[in-house]
Amino acid sequence: MRPMQKTPQTSLLKWYARRGRHTLPWRNTRDPYRIYLSEIMLQQTQVATVLERFYFPFLEKFPTLLHVAQAPLDEVLKQWEGLGYYTRARNLHHTAQACKGQLPTTIEALIALKGIGRSTAHAIGAFAFGIAVPILDANVRRVLHRYFGIESRDEKGLWAAAYALLDTQHPYEYNQAMMDLGAMVCIKSTPKCDDCPLHEACIGKESNPLAYPAPKPKKSAPTHHLALLVYRHEGRLGLVQRTTRLLQGLWGFVQAPIDNAIEGVYLGRVSHQYSHFGIEGEVRLIDGWVEGLEWFEVEALETLALSTLDHKILACYLAQ
DNA sequence: CAACCGTGGCG
DNA sequence: TCGCCAAGGTT
């Protein structure tokens, strides 16, 4: 057996063997469901959040994909409460039912499922089924931008780079290593180029790592001023299950534009920031029954999935 | 295809 | 304090 050549891939895998995050629970299972669940939870969400607050409780409640499929959507949303991007939970439930608790094993079939795009399909393919395809998450993107000196965020160029660097013999280790490298060494603000196994041929290191990728143009987020209405009737609170795209399926308090005829007793102010707008709201208590709401004892609210804003409103009410 | 979709941590 | 953004996908 001839000695292994020194390639970016071998350097990367050697680094990964020593410094990789090998204790992550979704790296210590062959269960496609557990890998799939981690990939969905981790979309646009930091590892620590998923690891410390959501992954294990969800698996405790739903040990298999079939458990997800057979559960009411409301229970899945309740387990997702606080994690955000709730479409992920609704797609997870839909996909569990669509594939009857058994995930398909090809990239084409995975990508056809709701909530699974190209990168997630590749991640499941590589991590659960050993398919030789690259992933393109935020960590890998940053490594590729810098390594190849790519300023443009153009998708085609990044996928081409991803395939160019992929170690087709070790897709599992390679992809995990690239994510760890992006998360631990090739980090956004202060990359540790001295510790990087790819530093020899890295274009970003030779110039300025922070120039890759080119910074995004920033967009301003508007603020909406709302009345946040806590309806109360015979000791119960009136809520609605939202049907809007935002927070669909979650329960919450009625929101109304602030105009010249604000009812109720002022309870306080709450503010909340979403990705693309903010809410400055004043919480008001209104005693009386109105149509179109469902009424719950305060204790019963614990069984409902509420958004973080609605938890703030509830806390404001309970503080009185 | 640019906007939309949640939340929390960090500099 | 505040803008940025993280194991992205959908419309």
Side-chain angles (χ1 to χ4, degrees), chain A residues 20-21 24-27 34-55 77 80-92 94-95 110-128 133-145 153-156 158-159 162 172 174-184 186-191 210 213-224 242 244-250 252 271-279 305-312:
Chain A
R21 296 176 290 183
L24 294 174
W26 43 86
R27 288 184 184 173
R34 290 178 177 244
I35 293 168
Y36 162 55
L37 177 66
S38 77
E39 292 301 329
I40 301 302
M41 283 189 166
L42 288 162
Q43 286 172 358
Q44 294 290 285
T45 307
Q46 296 189 344
V47 169
T49 300
V50 173
L51 190 58
E52 293 165 17
R53 297 176 49 198
F54 293 97
Y55 189 64
L77 284 170
W80 211 267
E81 182 182 56
L83 186 52
Y85 285 148
Y86 298 95
T87 296
R88 294 182 294 174
R90 290 186 284 107
N91 284 338
L92 171 63
H94 180 275
T95 288
L110 286 166
I111 210 169
L113 295 168
K114 283 193 177 181
I116 299 180
R118 189 173 181 189
S119 186
T120 299
H122 285 200
I124 298 169
F127 299 148
V133 285
I135 64 175
L136 201 54
D137 76 312
N139 291 312
V140 177
R141 277 174 199 274
R142 190 168 50 252
V143 174
L144 294 174
H145 272 293
R153 297 171 185 270
D154 173 66
E155 288 280 311
K156 287 186 65 178
L158 285 175
W159 276 111
Y172 183 102
Y174 168 84
N175 281 313
Q176 301 285 20
M178 286 288 280
M179 282 193 290
D180 282 4
L181 193 66
M184 302 162 67
C186 195
I187 54 183
K188 176 118 188 105
S189 57
T190 54
L210 302 184
K216 282 186 208 167
K218 51 187 170 187
K219 42 197 166 187
S220 60
T223 299
H224 298 161
R242 305 200 186 287
T244 50
R245 198 145 67 107
L246 182 70
L247 303 176
Q248 186 174 125
L250 275 72
S271 64
H272 191 73
Q273 289 298 130
Y274 293 108
S275 317
H276 53 298
F277 70 95
I279 288 179
L306 268 63
S307 75
T308 295
L309 171 60
D310 289 295
H311 274 294
K312 291 177 184 175

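Order of the sequence lines sets the chain letters (A, B, ...), proteins ahead of strands, with each chain counted from 1.
At the heavy-atom level, A:Ala138 lies under 4.0 Å from the strands shown only through sugar-phosphate atoms. When heavy atoms are screened at a 4.0 angstrom cut-off, A:Thr45 is found touching base atoms of the nucleic acid. Within the nucleic acid shown, A:Leu247 comes within 4.0 Å of sugar-phosphate atoms alone, with no base atom in reach, counting heavy atoms only. Here A:Gly82 lies in heavy-atom contact (under 4.0 Å) with sugar-phosphate atoms only. Across all strands shown, A:Leu24 has heavy atoms under 4.0 Å from base atoms, whether or not it also approaches the sugar-phosphate. Counting any heavy atom pair closer than 4.0 Å across all strands shown, A:Arg27 reaches a base atom.
A:Arg142 places no side-chain N or O within donor-acceptor distance of the main-chain N or O of A:Asn139, the cut-off being under 3.5 Å.
In this structure, A:Tyr274 places its OH atom 14 Å from C1' of B:dG8, rounding to the nearest Å. Straight-line distance from the CD1 atom of A:Ile187 to the C1' atom of C:dC4: 15 Å, rounded to whole Å. When rounded to the nearest whole Å, the span between NE2 of A:His94 and P of C:dT10 equals 12 Å. In this structure, A:Lys219 atom NZ and C:dC5 atom C1' are separated by 12 Å, rounded to whole Å. Atom CZ in A:Arg88 sits roughly 11 Å away from atom P in C:dG9 (whole-Å rounding). Summarising the geometry, the separation between CZ on A:Phe277 and P on C:dG3 is reported as 16 Å, rounded to the nearest angstrom. Atom-to-atom, CD1 of A:Ile135 to C1' of C:dG9 comes out at 15 Å; the value is rounded to the nearest Å. For the pair A:Lys312 NZ and B:dT7 P, the interatomic distance rounds to 8 Å; values are reported in whole Å.
Comparing A:Leu113 and A:Asp137 by the nucleotide of DNA chain C that holds the closest heavy atom to each, the one mapping nearer the 5' end is A:Asp137. Nearest-nucleotide positions on DNA chain B place A:Arg245 closer to the 5' end than the other of A:Arg245 and A:Thr308. Nearest-nucleotide assignment on DNA chain C puts the 5′-proximal partner with A:Lys216, out of A:Lys216 and A:Arg141. Nearer the 5' end of DNA chain B, as judged by each residue's closest nucleotide, is the contact made by A:Leu83, out of A:Gln46 and A:Leu83.
Here the nucleotide nearest the side chain of A:Arg53, chosen from B:dG8, C:dA7, C:dG8, is B:dG8. Considering only side-chain atoms of A:Lys188, the nucleotide from C:dA7, C:dA6, C:dT10 that sits closest is C:dA6.
The phosphate of C:dG8 (OP1 or OP2) has a side-chain N or O of A:Gln44 nearer than 4.0 angstrom. In this model, the phosphate group of B:dG11 is not approached by any side-chain N or O of A:Ser189 to a distance below 4.0 Å at OP1 or OP2. Remark: A:Tyr86 is in phosphate contact with B:dT7, judged by side-chain N or O atoms under 4.0 Å from OP1 or OP2. Dashed line: the shortest gap from a side-chain N or O of A:His272 to OP1 or OP2 of B:dT7 is under 4.0 Å.
The distance between the ring centers of A:His272 and A:Tyr274 falls below 6.0 angstrom.
In the interface, the side chain of A:Ser275 is paired with the base of B:dG6 through a donor and an acceptor atom under 3.5 Å apart.
A distance of about 14 Å separates the C1' atoms of C:dC5 and B:dC5, rounded to the whole Å. Nucleotides B:dG11 and C:dA7, compared at atom P, are 14 Å apart to the nearest Å. Nucleotides C:dA6 and B:dG6, compared at atom C1', are 12 Å apart to the nearest Å. Annotation: C:dT1 and B:dG8 have their C1' atoms spaced 16 Å apart (nearest Å). Nucleotides C:dG9 and B:dC1 have their C1' atoms positioned 13 Å apart, rounded to a whole Å.
The side chain to side chain contact (heavy atoms under 4.5 Å, CB included) test with A:Arg141 is passed by exactly one of A:Met178, A:Glu155, A:Arg153: A:Glu155.
Within the 4.5 Å cutoff, side-chain heavy atoms of A:Leu24 are placed close to those of A:Leu51. Side-chain contact between A:Trp26 and A:Leu37 is absent, with no heavy atoms from C-beta onward closer than 4.5 Å.
Summarising the local packing, NE2 of A:His224 is surrounded by more than 12 heavy atoms from other residues, nucleotides or ligands at distances under 6.0 Å.
No side-chain N or O of A:Gln43 forms a donor-acceptor pair with one of A:Arg88 less than 3.5 Å apart.
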